[in-house]
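What you are looking at is a predicted structure, and each value in this text was computed from that prediction instead of being measured.
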Amino acid sequence: MRLKLSQEEWEKFRPSQSEVEAGAHELFRIGKFHNWFNGGNISRYDEMDPLGKEEFEDVVAIILIAAAHARSATKEG
């Protein structure tokens with residue numbers, strides 16, 4: 001299922017920067033453990049280049065928004 005949210009819904013479910021960073025750190029740690037990052041010489045999330053880090057955080061934010069939306073829909077339904 002693909003999220004089709006209005007701008008207002010995106011804002012409603014948008015995670016804080018600290019939530020995004022916490023999720024990004026955990027996803028990166030798990031990804032390193034499972035060798036998802038082929039050939040990467042970085043060992044920590046904080047070592048990512050700024051553009052890569054921003055894109056990674058965007059992915060994490062979308063995942064967190066989807067989770068918040070699903071949680072909200074479950075409570076309403």
Side-chain angles (χ1 to χ4, degrees):
M1 177 178 101
R2 184 162 161 68
L3 280 182
K4 294 181 181 175
L5 302 178
S6 67
Q7 186 65 35
E8 182 179 290
E9 289 173 310
W10 279 103
E11 291 301 320
K12 175 183 175 183
F13 296 115
R14 174 175 289 178
S16 68
Q17 184 61 30
S18 62
E19 290 171 320
V20 170
E21 288 176 10
H25 278 276
E26 282 304 300
L27 183 58
F28 185 86
R29 184 187 60 78
I30 292 165
K32 288 297 283 186
F33 178 79
H34 290 286
N35 296 314
W36 293 346
F37 308 110
N38 296 335
N41 292 331
I42 56 175
S43 59
R44 295 177 359 156
Y45 168 72
D46 293 329
E47 297 172 352
M48 291 179 79
D49 68 88
L51 183 57
K53 194 173 183 180
E54 182 179 336
E55 290 175 346
F56 197 76
E57 287 179 357
D58 287 347
V59 170
V60 171
I62 291 167
I63 292 167
L64 292 174
I65 289 168
H69 180 262
R71 186 179 319 108
S72 174
T74 301
K75 288 180 182 177
E76 293 172 5

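Between Ile62 atom CD1 and Trp10 atom CH2 the span is 5.0 Å, to the nearest 0.5 Å. Between Ile65 atom CD1 and Lys12 atom NZ the span is 12.5 Å, to the nearest 0.5 Å.
Legend: residues meeting side-chain contact (heavy atoms from CB on, under 4.5 Å) with Ser6, ordered by chain and number and at least two apart, are Glu8, Glu9.
Looking only at distances, a side-chain donor or acceptor of Thr74 sits under 3.5 Å from a matching main-chain atom of Ala70. Side-chain N or O atoms of Lys32 include none that pairs as donor or acceptor with a backbone N or O of Tyr45 at under 3.5 Å.
Within the 4.5 Å cutoff, the side chain of Gln17 has heavy atoms near those of the Glu21 side chain. Inter-residue side-chain proximity for Ile42 and Phe28 is flagged as met; some heavy-atom pair is nearer than 4.5 Å.
Linking Ile, Leu, Val, Met, Phe, Trp and Tyr residues whenever their side-chain heavy atoms come within less than 4.5 Å leaves Ile63 and Val20 in two separate clusters. Taken together through direct or relayed side-chain contacts under 4.5 Å among Ile, Leu, Val, Met, Phe, Trp and Tyr, Phe33 and Leu27 form parts of separate hydrophobic clusters. Trp36 and Val60 fall within a single hydrophobic cluster, where Ile, Leu, Val, Met, Phe, Trp and Tyr side chains are chained together by heavy-atom contacts under 4.5 Å.
Of all heavy-atom pairs spanning Phe56 and Ala24, the tightest one is CE2-O, 3.3 Å.
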Show me the donor-acceptor pairs within less than 3.5 Å that the side chains of residues 47-54 make with the rest of the protein, sequence neighbours left out.
unit_1	atom_1	unit_2	atom_2	d
Glu47	OE1	Ser43	N	2.8
Glu47	OE1	Ser43	OG	3.4
Glu47	OE1	Arg44	N	3.4
Asp49	OD1	Leu51	N	3.2
Asp49	OD1	Gly52	N	2.8

